[in-house]
Amino acid sequence: MPGFELIGDEEFQEIKEIFEKSRILFRHSFDPLRNGVYKVKDFEQAFAQRFGVDYTLAVTSGTAALRVALAALGIGPGDEVITQSFTFVATVEAIIESGATPIIAEVDETLNLDPEDLRRKINSRTKAVIVVHMLGTPARMAQILPIAQEHRLAVIEDTAWGCGGDLNGKILGTIGDIGTFSFDFAKTMTTGEGGMVVTGDRGLYEKAAAYHDHGHENNPSLPRWEDSRSGSGFNYRMNELQGAVGLAQLKKLDQVVAAQRQNRDEILEAIKDLPGIQLRDEPAGAHGTADALVFFVKDHAMARACREALLQEGVGTKILPEAITWHFAGTWDHMSSLVKANGGDLARAFPKSRELLGRAVALPIVVKMAQDIPQKIRSALGAVLQ
Ligand SMILES: *Cc1c(COP(=O)(O)O)cnc(C)c1O
């Protein structure tokens, strides 16, 4: 889970520098007053370096990052965007906000996009696919990319949970056309609220940057108040306080991911011989962020029994099974375009995902894990998985 466990003096020092040297909380302008303090710009540059990507744009949230990515790709009314059934509502909200129609594909045993169902859902209106590395496990990019290429679809990677993971040596978020990150409080690194858009394509970056800033092109030969513009936009700008926290958190990212992987391995070691557990699949070459340890049991009743037994031991589960209504599209009756696109009734939509998610259990992984947690989890699960 989280960078928030490690928020401390490093973040405070970055913020303190703003108050000591500039007191400018806006990312643009005020150059004579800043004494060289540009936290959002520095954060973007440091992120570009760590992720090995040419262009980075800091924004106000992971949801904003998705919305900006769709705008950069020119997606709007009449277009269809495919994403997976298991994700946070934000992924689909961004598609709805863009005016496009969200089309939901099934997940497979990775609990990420099922490449075969992606193929089935493509038609002449499909413009893009948003692949989610859900709960930190990489999606099947080796199968998904060729399908997208064949049908000339843009690929957005929703890397909200995948920050710091990689797949066959490629950093998650930098594999498709655009990657989006979330720095909300529960994500691998946090700025309280915040997000990042990354791309290797200069044209996409320029469109994203303008859209997130009311259309501002930041024309270097013009003052900001006379700036040029070629399209309408919105305001998704990150502020300097968030940029400051992001700089400190980014330095801790590798430590967070390493600790999560180690703690995941310790829990796995403690439970792997229990009967009736099948781990979530991972594509070959995947190095996830170990945000959660996810496994399948025989049915939904057993998944709930696992959660109850874990709670008795003072350990929780994460999203699966208890928060499924925020993370499974088959429950989103409040999204009328989704309901309409699925024959007016979501209750029978996405049966494969429903079956898999219904019997999945996700154990949260933290950075600062108490030593007795693996044994507590083992005894809780051991009692129900007979
Ligand atoms: C958290 C999350 C988002 C949204 O990020 P916010 O920063 O909370 O707006 C988008 N997609 C997924 C899969 C998420 O988990």
Side-chain angles (χ1 to χ4, degrees), residues 1-4 40 43 47 56-71 81-98 102 104-105 107 110-113 128-139 155-165 172-173 176 178-198 212 234-239 241-243 245-246 249-250 256 260 280 288-292 294 318-320 322-329 331-332 335 338 353 357 360 362 364-365:
M1 190 153 51
F4 80 74
V40 175
F43 179 37
F47 204 88
T56 47
L57 178 74
V59 294
T60 43
S61 70
T63 315
L66 288 162
R67 177 66 192 92
V68 169
L70 290 164
V81 177
I82 300 176
T83 191
Q84 63 197 52
S85 63
F86 181 45
T87 184
F88 183 50
V89 281
T91 316
V92 174
E93 286 171 335
I95 300 170
I96 293 170
E97 280 295 306
S98 76
I104 305 296
V107 294
T110 62
L111 295 183
N112 288 326
L113 188 61
V129 52
I130 304 181
V131 180
V132 188
H133 305 295
M134 194 54 183
L135 289 173
T137 294
V155 176
I156 299 174
E157 287 176 84
D158 180 342
T159 322
W161 294 110
C163 184
L172 299 184
I178 304 190
T180 66
F181 293 81
S182 163
F183 308 131
D184 84 19
F185 209 55
K187 299 290 163 52
T188 321
M189 52 175 279
T190 184
T191 58
E193 297 276 8
M196 191 75 80
V197 179
V198 311
H212 107 296
F234 214 72
N235 177 3
Y236 293 114
R237 289 183 305 252
M238 181 178 271
N239 74 48
L241 297 172
Q242 293 165 302
V245 174
Q249 283 272 303
L250 182 60
V256 167
Q260 289 184 163
R280 172 188 191 179
T289 57
D291 182 84
V294 186
K318 173 175 186 168
I319 296 178
L320 300 167
E322 80 282 4
I324 193 64
T325 60
W326 284 97
H327 297 89
F328 172 47
T331 65
W332 298 340
M335 292 175 162
L338 256 198
S353 309
L357 292 166
I365 306 292

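The model shown is predicted, which means the values in this text are computed figures rather than measured ones. Values below: all heavy atoms of this structure, side chains included; hydrogens, waters and symmetry mates excluded. Counting starts at 1 for both ligands and their atoms, in listed order.
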Run the salt bridge (charged side-chain N to carboxylate O under 4.0 Å, His left out) test against Arg237 and tell me which residues pass, sequence neighbours left out. Asp213
Results of side chain to side chain donor-acceptor pair (under 3.5 Å) for Glu322 - residues two or more places apart only: Thr317
Quick one: ligand 1 N/O to protein N/O pairs below 3.5 Å?
residue	atom	partner	partner atom	Å
ligand 1	5 (O)	Ser182	OG	3.1
ligand 1	7 (O)	Gly62	N	2.7
ligand 1	7 (O)	Ser182	OG	2.7
ligand 1	8 (O)	Asp184	OD2	2.7
ligand 1	9 (O)	Gly62	N	3.4
ligand 1	9 (O)	Thr63	N	2.9
ligand 1	9 (O)	Thr63	OG1	2.4
ligand 1	11 (N)	Asp158	OD1	3.4
ligand 1	11 (N)	Asp158	OD2	2.7
ligand 1	15 (O)	Trp161	NE1	2.8
ligand 1	15 (O)	Lys187	NZ	3.0

Mind telling me whether Phe234 and Tyr236 have parallel, tilted or perpendicular rings, with 30° and 60° as the class edges? tilted
So Met134 and Arg280, do their side chains get closer than 4.5 Å, heavy atoms only? yes
Should the pair Phe183 and Phe43 be assigned to parallel (<30°), tilted (30 to 60°) or perpendicular (>60°) ring geometry? tilted
Among all residues two or more places apart in sequence or in another chain, which pass the side chain to side chain donor-acceptor pair (under 3.5 Å) test with Thr83? none
